[in-house]
Amino acid sequence: MEPTETPTSRLPAFIREAVAEDLKNGRYTYVRTRLPPEPNGYLHIGHVKAFLIDYFTAKEFGGELYLRFDDTNPSKEGTEYVEAIEDDASWLGIKWAKVTFASDYFDLLYDWAVRLVKMGLAYVDDQTQEEMSASRGTLPKGTKWSETESALKPGTDSPYRNRPVEESLDLLERMKNGEFAEGSRVLRAKIDMANPNILLRDPVMYRIMHVHHHRTGDKWHIYPMYDWSHGQNDSMEGVTHSLCSNEYIIHRPLYEWFLQKLEAFPSRQIEFSRLNLTYAMMSKRKVRKLVETGIVSGWDDPRLTTLRGLRRRGVPAEAIIDFVTGTGETKNDSWVEMAQFDAIIRDTLNKIALRRMAVLKPLKLVIDNYPDDLVEEMDAVNNPEDPSAGTRKVPFSRVVYIEQDDFREVPPPKYFRLFPGNEVRLRYAYLVRCTSVVKDEAGNVVEVHATYDPATKGGDAPDGRKVKSTIHWVSAQHAIKAEVRLYDRLFTVENPDVGDDLQSIINPASLEVVTDAFVEPALDNVKAGEKIQFERTGYFCTDLDSQPGKPVFNRTVGLRDTWAKINNQ
RNA sequence: UGGGGCGUGGUGCAAAGGCAGCACACCAGACUUUGGAUCUGUGGAUCUUGGUUCGAAUCCAGGCGCCCCAGCCA
């Protein structure tokens, strides 16, 4: 029996310790976490870390997880994203106790805001956006922090800051009812315009938006800001631990201020560092631009690190989870190398992918002494890593296709594959020796001739002689034509999130479409999403574009290629 | 002359005052019916200065570096 993995190995130590301590000292008697995606785009690998931490924290402590959509900005959000996010998260294997929405709490949240106004802790401000920005006591955009001493400068109070409570109450009600134009007024918390933490300089709670909401329709004309929603929703739902990325550290004092003033259930915010992956684009805005400008084929383009893209490329959910949890979670800013992700994908696929033979760049090999009309069924292993995957028959005949790369008329040093006079093994078939080549007028090799040793059926020589190389092949008369999409990294730079000229950082070789590959007959009827290893080439996955008799394969990741390294030296 | 966070090989993570270890990457070799997988080995790190201590990556003080914050985004 395999030892089952302890759930503790999936959680960052500092979070586990903090939660355990809260339980031990009675701060909480149970654990509840929440997953707070904004339904304004598709999930990418950067989100997975937060998902997993929330999920495993709840799981490890016998608590529960809520999936709560942060739908506080209807101008950017929509139902299609809600469905896609639920679908992607389910695919990852994440389970939640229930689905909620920030908008479920709009009524209660409004009541809480009224309470704060009545307590003299919030007020309606009539300043323009520019006035507010100027009075915050900071410098215009573009100024470097270090270039100024004015960052010290406290903000100045709004002229509306001390208006009567009754007046604020009336204006807030009318804001809610849609009586005022967008941008004309906001509700602000009354905290401290001189606070060194800018978020505490009377933050905006509600802004006016005459926008249709995908769940509440036209009921509301004001919508809450993140800071005046997230913590309150956590509290309303009885969330104990609100886990988020480091960028929210400076929001924590505000998070706590609201809950203390309202004497509400004291949810606790704990932060961790977000996942940065080299060569991956994490900015939703920029990914959207890639999709909209047609640089990629859609949100599920296999070159994207969206969950949908990874899924279509053939990356198993298990590999994503192992990768993200395996990178370890700390508060350190970090950049994980894409190579590490590739290694885990290979590792996962190595155990489960069925082996098949496929020739991507075909070269005809004629075995002159093999009978013209003979076809033999060769026994081939489906997965050497997993005997239970069984074997299959592969037809062999006089003319086969081999990879162009597996033949050189003039072999470079350390090249062990086919060249005139050399003997190699055709995998699971025979030892063959190259006898001659046929060239076209331009001098290109278009056909290779060889002879086979009938005593070596299956690949072993009775006299015990060894060959240095085994190459794969597909019988020409049995071959199935296939399209193969060779994906490579989308960007030429490690951090594609900086800069705005997308076109200049796109890897022109990120997709090579091979339309006339040949694959063995066993690949005729594979269902979409099937994980296959093309022997000696890489891991592939059948694409949803596959048609009967015309399969399409995506390269998930190449095999580790020692020859490529030798070749480069 | 603002506030906050973070500093361990190339990258990511361990080591909770006691031999600085693991994975990926890199290099060398063994084995191999995938130049895959597997196995073995090499090289390489505690930001810095001082202090406490028999002993410091770990504790203390100063310095340095990187990151986040001035949306009516989340």
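In what follows, chains carry the letters A, B, and so on, assigned in the order in which the sequence lines appear, proteins first and then strands, with residues in each chain numbered from 1.
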For this session: With heavy atoms under 4.0 Å as the rule, sort Pro384(A) into base, sugar-phosphate or nothing.
Result: base
Exercise. Can you check the Met209(A) CE to G71(B) P distance for me, whole Å?
Worked result: 17 Å
For this session: For G43(B) versus A20(B), give the span between their P atoms, rounded off to a whole number of Å.
Result: 15 Å
Problem set entry | Whole-Å P distance, A16(B) and C73(B) | 46 Å
For this session: Measure from the side chain of Ala339(A), starting at C-beta and using heavy atoms only, and say which of A74(B), C24(B), G35(B) lies closest.
Result: C24(B)
For this session: Hunt down the Watson-Crick or G-U wobble partner of G65(B), both distances under 3.5 Å, from any strand shown, or write none.
Result: C6(B)
Exercise. Can a donor-acceptor pair under 3.5 Å be found between the side-chain atoms of Glu247(A) and the base atoms of G5(B)?
Worked result: no
Exercise. Which part of the nucleic acid, if any, lies within contact of Phe272(A), taking any heavy atom under 4.0 Å across all strands shown: a base, the sugar-phosphate backbone alone, or nothing?
Worked result: nothing
Exercise. For RNA chain B, whose closest nucleotide is more 5', that of Asn383(A) or that of Lys331(A)?
Worked result: Lys331(A)
For this session: Take the protein atom NZ of Lys49(A) and the nucleotide atom P of G12(B), then report the distance between them rounded to whole Å.
Result: 11 Å
Exercise. What does Pro224(A) touch in the nucleic acid at a heavy-atom separation under 4.0 angstrom: a base, only the sugar-phosphate, or nothing?
Worked result: sugar-phosphate
Exercise. So Phe106(A) and Trp220(A), would you call those rings parallel, tilted or perpendicular, with 30° and 60° as cut-offs?
Worked result: perpendicular
Problem set entry | Whole-Å distance separating the CH2 atom of Trp473(A) from the P atom of U34(B) | 15 Å
Exercise. Are OP1 or OP2 of A74(B) and a side-chain N or O of Thr72(A) less than 4.0 angstrom apart?
Worked result: yes
Exercise. Is Tyr223(A) touching bases, backbone alone, or none of the nucleic acid, heavy atoms closer than 4.0 Å?
Worked result: nothing
Seminar exercise, completed: The Watson-Crick or G-U wobble partner of A28(B), with both key distances under 3.5 Å, is U40(B)
Problem set entry | Pair assignment for G21(B), Watson-Crick or G-U wobble, requiring both distances under 3.5 Å | C13(B)
For this session: May I ask you to say what Glu38(A) touches in the nucleic acid, namely base, sugar-phosphate or nothing, with a heavy-atom cut-off under 4.0 Å?
Result: sugar-phosphate
Exercise. Quick one: is U11(B) close enough that its OP1 or OP2 comes under 4.0 Å of any side-chain N or O from Ser334(A)?
Worked result: no
For this session: Would you indicate what Ile566(A) reaches in the nucleic acid, counting non-hydrogen atoms under 4.0 angstrom: base, sugar-phosphate, or nothing?
Result: base
Exercise. Checking only heavy atoms, does the side chain of Arg346(A) share a donor-acceptor pair with the base of G36(B) at less than 3.5 Å?
Worked result: no
Exercise. In terms of side-chain heavy atoms of Glu337(A), which of G10(B), U34(B), C73(B) is nearest?
Worked result: G10(B)
Problem set entry | Rounded distance in Å - CD (Glu403(A)) to P (G35(B)) | 12 Å
Exercise. Can you tell me how far the OH atom of Tyr123(A) sits from the CG atom of Asp157(A), to the nearest 0.5 Å?
Worked result: 7.0 Å
Exercise. Do Lys176(A) and Tyr110(A) meet the cation-pi criteria used here (NZ or CZ under 6.0 Å from the six-membered ring centre, within 45° of the axis)?
Worked result: yes
For this session: Assign Arg355(A) to base, sugar-phosphate, or nothing according to its heavy-atom contacts below 4.0 angstrom with the strands shown.
Result: base
Problem set entry | Separation of atom CZ in Arg34(A) from atom P in A74(B), rounded to whole Å | 15 Å
For this session: Taking only Lys NZ, Arg NE, NH1 and NH2, and the carboxylate oxygens of Asp or Glu, determine whether Asp202(A) and Lys190(A) approach each other closer than 4.0 Å.
Result: no
Exercise. Between Glu256(A) and Arg268(A), does at least one N-O distance fall below 4.0 Å, as a salt bridge requires?
Worked result: no
Exercise. Taking the six-membered ring for Trp, are Trp228(A) and Phe258(A) ring centroids under 6.0 Å apart?
Worked result: yes
Exercise. Can we say Arg34(A) and Asp54(A) salt-bridge, meaning some charged N sits less than 4.0 Å from an Asp/Glu carboxylate O?
Worked result: yes
Exercise. Taking the nucleotide of RNA chain B with the closest heavy atom to each, which residue, Gly183(A) or Leu559(A), is nearer the 5' end?
Worked result: Leu559(A)
Exercise. Can a side chain N or O of Asn332(A) be found less than 4.0 Å away from OP1 or OP2 on C13(B)?
Worked result: yes
For this session: Look at all strands and tell whether Met225(A) reaches a base, only sugar-phosphate, or nothing, counting heavy atoms closer than 4.0 Å.
Result: sugar-phosphate
Exercise. Are Arg136(A) and C72(B) close enough that a side-chain N or O sits under 4.0 Å from OP1 or OP2?
Worked result: yes
Exercise. Parallel, tilted or perpendicular: which fits the ring planes of Tyr401(A) and Phe518(A), with parallel below 30° and perpendicular above 60°?
Worked result: parallel
Exercise. Using the glycosidic torsion, which applies to G62(B): syn (within 90° of 0) or anti (everything else)?
Worked result: anti
For this session: Using a 4.0 Å heavy-atom cut-off across all strands, classify Phe341(A) as base, sugar-phosphate, or nothing.
Result: nothing
Problem set entry | C26(B) to C64(B) separation - P atoms, rounded to the nearest Å | 38 Å
For this session: Give Thr330(A) one of three labels, base, sugar-phosphate or nothing, depending on what nucleic acid heavy atoms sit under 4.0 Å from its own.
Result: sugar-phosphate
Exercise. Any N or O donor-acceptor pair linking the side chain of Glu17(A) to the base of A16(B) at under 3.5 Å?
Worked result: yes
Exercise. Is there a side-chain polar atom (N or O) of Lys466(A) under 4.0 Å from OP1 or OP2 of U32(B)?
Worked result: no
For this session: Would you classify Gln533(A) as touching base, sugar-phosphate or nothing, given that sugar-phosphate means primed atoms plus P, OP1 and OP2, and contacts are heavy atoms under 4.0 Å?
Result: base
Exercise. In terms of side-chain geometry, is the basic nitrogen of Arg68(A) or Asp234(A) positioned less than 4.0 Å from the acidic oxygen of its partner?
Worked result: yes
For this session: Using a heavy-atom cut-off of under 4.0 Å over every strand shown, decide if Arg425(A) touches base, sugar-phosphate, or nothing.
Result: base
For this session: Using only side-chain N and O atoms of Arg536(A), determine if any of them is under 4.0 Å from OP1 or OP2 of G35(B).
Result: yes
Exercise. So, is Arg417(A) near the phosphate of U34(B), with a side-chain N or O under 4.0 Å from OP1 or OP2?
Worked result: no
For this session: Pick base, sugar-phosphate or nothing for Glu131(A), based on heavy-atom distances below 4.0 Å to the nucleic acid.
Result: nothing
Problem set entry | Interatomic distance where CD belongs to Gln340(A) and P belongs to U11(B) [whole Å] | 12 Å
Exercise. Taking only N and O in the side chain of Arg207(A), is any of them less than 4.0 Å away from OP1 or OP2 of C73(B)?
Worked result: yes
Seminar exercise, completed: Paired to C59(B) by Watson-Crick or G-U wobble criteria (both distances under 3.5 Å) is G51(B)
For this session: Classify the nucleic acid contact of Ile250(A) as base, sugar-phosphate or nothing, counting any heavy atom under 4.0 Å across all strands shown.
Result: base
For this session: Please determine, for the side chain of Ile198(A), which listed nucleotide (A74(B), A70(B), C73(B)) has the closest atom?
Result: A70(B)
